[in-house]
Amino acid sequence: WILFESGSFLFRTMETVLNSYTAVEDAFRSFINTLTDIQDSAQHKWIQFKRQRSVLARNIAEYNKQTNSSQKISLDVGGTVFNTTSETLLKQEESFFWGMLRSGEWQPDKETGQYFIDRSPHMFGIILDYLRHGEMRVDGNK
């Protein structure tokens, strides 16, 4: 009788251990399936990101091509007209002109086609030459 109960107890214990192993195996399978789903989702999002980045890069390149072209620009500075190119005005990133032209908010006058700057023209030629040459020239001297 004791051997029978010992064997029965051992059998139930082994059955419990086996069920525990089966539960752990099921949990690992579920975990692996979840990781696979996450990986698939991440790969899908990565592909979407790369597509969006590519479209954005093309749009930026097209915008830069349009705004960096050396189109002639006339500036009315306090009543004096200065002519230059967009390339010259965009040479110094983060400058006043760079910000104004890139913003799209600064538009030329519809009648004259000139951009108006409400400042004294006295020193503007020197500023424009600095943008053109990268050097400050006052009265023909560096």
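- Of the inter-residue distances, the one linking F82 atom CZ with L89 atom CG reads 12.0 Å to the nearest 0.5 angstrom.
- Summarising the local packing, CZ of F124 is surrounded by more than 12 heavy atoms from other residues, nucleotides or ligands at distances under 6.0 Å.
- In this structure, E135 and D129 have side chains that are not in contact, with every pair of non-hydrogen atoms separated by 4.5 Å or more.
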Are D76 and T112 close enough, and set up right, to give a side-chain contact (heavy atoms from CB on, under 4.5 Å), and what steps lead you there? CA-CA 9 Å; D76 175 352; T112 65; over 6 Å; no
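- The main-chain N or O of T16 is found under 3.5 Å from a side-chain atom of S20 such that the two form a donor-acceptor pair.
- Within the model, atoms NZ of K50 and NZ of K45 stand 16.0 Å from one another, a figure rounded to the nearest 0.5 Å.
- No chain of hydrophobic side-chain contacts below 4.5 Å, direct or via other Ile, Leu, Val, Met, Phe, Trp or Tyr residues, connects F116 to V77.
- Between atom CD1 of residue I32 and atom CG of residue D37 there is a gap of 12.0 Å, rounded to the nearest 0.5 Å.
- The main-chain N or O of L18 is found under 3.5 Å from a side-chain atom of T22 such that the two form a donor-acceptor pair.
- Ring geometry, Y115 versus W106: the interplanar angle falls from 30° to 60°, so the pair is classed tilted.
- Between atom OG of residue S86 and atom CH2 of residue W98 there is a gap of 14.0 Å, rounded to the nearest 0.5 Å.
- A salt bridge is defined here as a Lys NZ or Arg NE, NH1 or NH2 lying under 4.0 Å from an Asp or Glu carboxylate O, and E87 with K91 fails to meet this definition.
- Distance OG1/T85 to CD/Q71: 9.0 Å, rounded to 0.5 Å.
- A single hydrophobic cluster is seen to contain both M100 and L128, as judged by linkage of ILVMFWY side chains at heavy-atom distances under 4.5 Å, directly or through other members.
- Cluster annotation: I73 is not connected to I127 through the hydrophobic network of ILVMFWY side chains, with a link wherever side-chain heavy atoms come within less than 4.5 Å.
- Within the 4.5 Å cutoff, the side chain of I117 has heavy atoms near those of the F97 side chain.
- Between atom CD of residue Q114 and atom CG of residue L75 there is a gap of 8.5 Å, rounded to the nearest 0.5 Å.
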